[in-house]
Chemist: 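Sending over a structure as C-alpha cells; questions will come in a sec.
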Amino acid sequence: MIMIFSVKEECIMFSRKHVFYLLLLLAVCLAFSGCQKQTDDPEKPVVYFFQAKDFVLMKTNMATGVTTPLCDDPLCEHGNDCRFSNSHSPYLVGTTVYFYREAGIFMEEDQAFMTTQICSYDYDSGKYTVIREINHSNKENVCGKFEVYNGNIYFYQQTLVDNRVQFSLRQINIATNELTEYNWTTKTWHFAIYNDRLYFSDTVNGIYSTDFALNDQQYLVQPAENQLVYARCLDQSGNLYYVEKGEDKRETLMLYAPETGSKTVIDTSDSITFIKVVGGSVFYLKAQYGEDGQLTQGCTIYRWDHGESQSFYVSDHELTTLQACENYIIADDTEGNRHVFLIE
C-alpha cells in the first residue's frame with residue numbers, strides 16, 4: 001500500500017440549482033465514478049478520476065492529485081450556465097464520459113416541468129453531445145443508478161402513477177439515440193450489470209438478477225424473517241457483496257458467489273458502508289456506536305483479503321466517502337481532505 005497524496009479540496013459554489021434529485025443509502029455501486037488511462041506516453045500512463053462535485057463534473061489527475069473542472073472554458077464560472085453543471089453519475093468508457101444533468105425548468109399551465117439531458121463528453125477530442133432530452137414534471141425525474149453497457153445507457157425514470165411514485169427502467173442506444181421503455185417497475189432503482197444480466201436489490205424481498213428482457217428473474221439472496229439485505233457491490237468475477245441487517249440492528253458484510261451459491265461472512269459491526277473491490281481485496285468502512293449513540297470507529301478503512309479482515313487506514317477525521325478508481329482507493333473526510341492510496 002502506498003499513499004499517493006492527501007489534499008484539501010476546494011468547493012465550487014454557484015448561486016442557484018434546479019435539482020430534483022433523489023438519494024438512497026442502498027447502492028449497488030459499480031460505476032458511480034470513472035477512470036481511464038491516457039496512453040499518450042505508454043511508459044507514464046495517467047489515470048483520471050471523474051466525479052460530480054457540487055453537481056459540477058470534475059476530473060482528477062491521480063498522479064498529481066490536481067482536480068479541475070471537466071469544462072475546458074477558461075472564462076466559465078461553472079454555474080447554472082455551464083454545460084457540466086447540475087450533473088450526476090459520470091460513467092467513463094474509453095475517453096468518453098457519459099452523464100445526465102438537469103438542464104432547465106419551465107412552466108406549463110401553472111405546473112413546473114424540467115428538462116433532463118443525457119450527455120456525453122470525449123475529453124480527448126473535446127466533443128460534447130446531448131444524446132437525448134427528457135421533459136418531465138418536477139415530481140418525476142431521471143434518478144438513481146446510471147450505467148453504460150454494450151453500447152447502451154441504462155437508467156431509471158421516476159414516474160407518477162395515480163399519485164404514487166414508480167421507477168421504470170429505460171435504455172438508450174448510444175449510436176441511434178433510440179429510447180426503450182421497459183414495461184416493468186421495481187421498488188428500488190439501484191442496479192448493476194454483469195455478463196448480460198441485470199442485478200437488483202430490494203431490501204425487503206431480497207437480491208435477484210434477470211435477463212435484459214426482464215423475464216428470467218432469479219433470486220440470489222432472500223432475507224430471513226425480520227431481516228433486511230442491501231446489495232452493495234459486484235466484482236469483476238460476478239461475486240456479490242451485500243449487507244444483512246437483523247433485529248438487533250447490527251450489520252454483517254457477506255460475500256455471495258453465484259457460481260457455487262456459497263455465502264461467506266466477511267465482517268460484522270453496527271454499520272458497514274462504502275464497500276469497494278480493488279485488486280482482489282475488499283475495502284469498507286465499519287462503525288460502532290457508543291451508549292451515547294455516537295460513532296466510535298467511524299474513521300477506519302478495513303481491508304478483507306484471503307479470508308482475513310484488518311485495519312487498512314485510520315483517519316483523524318470522519319470519513320464521508322470511499323471510492324475506487326482502477327487500482328486506487330480514494331477517501332474523503334469531513335474536513336474536505338482527500339486521501340488516495342495505490343493498491344499493489
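Only a predicted model underlies this, so the values are computations on that prediction, with no experimental measurement involved. Start at 1 with the first residue, then count along the sequence.
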Chemist: Cation over ring, Lys286 on Tyr302, under 6.0 Å and within 45°?
Modeler: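 Relative to the ring axis of Tyr302, which defines the angle, Lys286 lies inside both limits.
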
Chemist: Any donor-acceptor pair under 3.5 Å linking the side chain of Arg232 with the backbone of Ile275?
Modeler: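 Checked: no pair found.
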
Chemist: Are Arg101 and Gln117 linked by a side-chain donor-acceptor pair shorter than 3.5 Å?
Modeler: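 Side chains of Arg101 and Gln117: pair found under 3.5 Å.
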
Chemist: Ion pair present between Arg83 and Asp72, side-chain N to carboxylate O less than 4.0 angstrom?
Modeler: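 Looking at Arg83 and Asp72, the cut-off is met.
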
Chemist: For the pair Phe50 and Tyr123, name the ring-plane relationship: parallel under 30°, tilted 30 to 60°, perpendicular over 60°.
Modeler: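 Plane angle between 30° and 60°, so tilted.
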
Chemist: Under the side chain to side chain donor-acceptor pair (under 3.5 Å) rule, what do Gln171 and Tyr182 come out as? Steps first, then yes or no, please.
Modeler: CA-CA 8 Å; Gln171 172 193 295; Tyr182 288 98; 3.0 Å; yes

Chemist: Looking only at the side chains, is there a donor atom on one of Asp216 and Thr210 sitting less than 3.5 Å from an acceptor on the other?
Modeler: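 Their side chains do not contain a donor-acceptor pair, so the 3.5 Å distance test is not met.
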
Chemist: Look at the side chain of Thr320 and the backbone N and O of Asp332, then say whether any donor-acceptor pair between them is shorter than 3.5 Å.
Modeler: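 The answer is yes, because a donor-acceptor pair under 3.5 Å joins these two groups.
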
Chemist: If every non-hydrogen atom of Asn61 is compared with every non-hydrogen atom of Ala63, which pair is closest and at what distance?
Modeler: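 Heavy-atom minimum between the residues: OD1-N, 2.9 Å.
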
Chemist: Do His88 and Glu102 meet the criterion of a side-chain donor-acceptor pair at a distance under 3.5 Å?
Modeler: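 A donor-acceptor contact under 3.5 Å links the two side chains.
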
Chemist: Distance alone, cut at 3.5 Å: any donor-acceptor contact between the side chains of Asn80 and Ser85?
Modeler: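 Per modelled atom types, Asn80 and Ser85 side chains form no pair under 3.5 Å.
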
Chemist: Side chains of Asp196 and Tyr149: do they bring a donor and an acceptor to under 3.5 Å?
Modeler: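 Tyr149 and Asp196 do have a side-chain donor-acceptor pair below 3.5 Å.
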
Chemist: State, without any angle test, whether Asn239 and Tyr256 hold a side-chain donor-acceptor pair at a distance under 3.5 Å.
Modeler: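 Short answer, no.
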
Chemist: Do Lys249 and Asp270 meet the salt-bridge criterion of a basic N to acidic O distance under 4.0 Å?
Modeler: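 Not counted as a salt bridge, because no side-chain N and carboxylate O are separated by less than 4.0 Å.
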
